[in-house]
Amino acid sequence: MTEFTSDIKTVPHSDESVFSMLSDLTNLERVKALITTDKVKNLTFDRDSCSMEINPIGKVVFTIVEREPNKTVKFEATSLSVPLNLWIQVKSADTETTKIKMTLRADLPPFLKPMLSGRIQKGLDEFSDVIAALPYE
């Protein structure tokens with residue numbers, strides 16, 4: 001497995017608010033308009049999963065496989081030919097500030113790893129910026 005990690009982001013909200021938002025994917029309705037339509041299309045979601053078409057990958061479905069209150073939300077991609085897991089770590093810095101870090105693990109074939117690693121890291125960094133900027137109120 002190849003592991004990618006985002007920079008640690010600071011969110012000006014409590015860990016409880018951040019976890020609550022990220023652990024229920026129906027909250028994506030509030031931010032659907034913020035997602036760039038040139039890369040992500042046909043976004044659908046329910047409490048435990050979200051489905052989207054990502055250019056140039058195709059359809060991707062992420063399902064929440066574990067929730068650890070105010071600490072971690074773990075996802076698994078269930079529609080890719082390559083095993084992929086994503087988790088978001090949430091850690092309270094103080095009562096009104098939370099740090100988040102995202103980690104992605106993918107079982108990339110050795111011949112694809114050099115071609116995809118940079119794109120995956122860039123996508124994870126962009127995604128962590130979006131997650132940090134969400135309206136957690």
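Hydrogens, waters and symmetry mates are skipped; everything else that's a heavy atom, side chains included, is used. Since this is a predicted model, take the numbers as computed values, not measurements.
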E96 CD to H13 NE2 distance, which is reported to the nearest 0.5 Å:
8.5 Å

Taking the side chain as everything from C-beta on, heavy atoms only, tell me whether F127 gets closer than 4.5 Å to L86.
yes

Please report the closest heavy-atom contact between S128 and K9, naming both atoms and the distance.
OG-CE, 3.3 Å

Contact check, side chains of E66 and T72, non-hydrogen atoms, under 4.5 Å
no

For the CZ atom on F4, are there more than 12 heavy atoms of other groups (residues, nucleotides or ligands in this structure) within a distance under 6.0 Å?
yes

Atom NZ of K101 and atom CD1 of I88: how far apart are they, to the nearest 0.5 Å?
13.0 Å

So which heavy atom on S23 is nearest to which on I64, and how close?
O-CD1, 3.5 Å

Roughly how far, to the nearest 0.5 Å, is the CZ atom of R47 from the CG atom of D24?
5.5 Å

Report yes if some heavy atom in the side chain of T10 is under 4.5 Å from a heavy atom in the side chain of K99; otherwise report no.
yes

Quick one: closest heavy-atom pair of S51 and K59, and the distance?
OG-CE, 3.1 Å

Does a side-chain heavy-atom distance below 4.5 Å link R67 with F19?
yes

From the list V18, T97, L134, side-chain contact (heavy atoms from CB on, under 4.5 Å) with V11 holds only for V18

Identify whether V90 and I8 are in the same connected component of the hydrophobic contact network (ILVMFWY, side-chain heavy atoms under 4.5 Å).
no

Tell me whether F62 shares a hydrophobic cluster with V65, the cluster being built from Ile, Leu, Val, Met, Phe, Trp, Tyr side chains joined at under 4.5 Å.
no

Is the shortest heavy-atom distance from the side chain of L84 to the side chain of F75 under 4.5 Å?
no

Shortest non-hydrogen contact between S20 and N27, atoms and distance:
O-ND2, 3.4 Å

For M21 against P135, the heavy-atom pair lying closest together
CE-O, 4.1 Å

Between C50 and L25 the two heavy atoms that sit nearest each other are N-CD1, 3.8 Å

Take F45 and E29, measure what side-chain contact (heavy atoms from CB on, under 4.5 Å) needs, and give me the verdict at the end.
CA-CA 8 Å; F45 42 84; E29 187 65 47; 3.4 Å; yes

So CE of M102 and CH2 of W87: to nearest 0.5 Å the spacing works out to 11.5 Å

Show me the donor-acceptor pairs within less than 3.5 Å that the side chains of residues 110-125 make with the rest of the protein, sequence neighbours left out.
unit_1: S117; atom_1: OG; unit_2: K113; atom_2: O; d: 2.7
unit_1: Q121; atom_1: NE2; unit_2: T5; atom_2: O; d: 2.9
unit_1: Q121; atom_1: NE2; unit_2: D125; atom_2: OD1; d: 3.0

To the nearest 0.5 Å, how far apart are OG in S14 and CG in N70?
7.5 Å

Does CD in E16 sit with more than 12 non-hydrogen atoms of other residues, nucleotides or ligands closer than 6.0 Å?
no

Could you check if a side-chain atom of N85 sits within less than 4.5 angstrom of a side-chain atom of M1, using non-hydrogen atoms only?
yes

Could you grab the distance from atom NZ of K91 to atom OG1 of T98, nearest 0.5 Å is fine?
11.0 Å

With distance as the sole test, does S92 use its side chain to make a donor-acceptor pair with the main-chain N or O of D15 at under 3.5 Å?
no

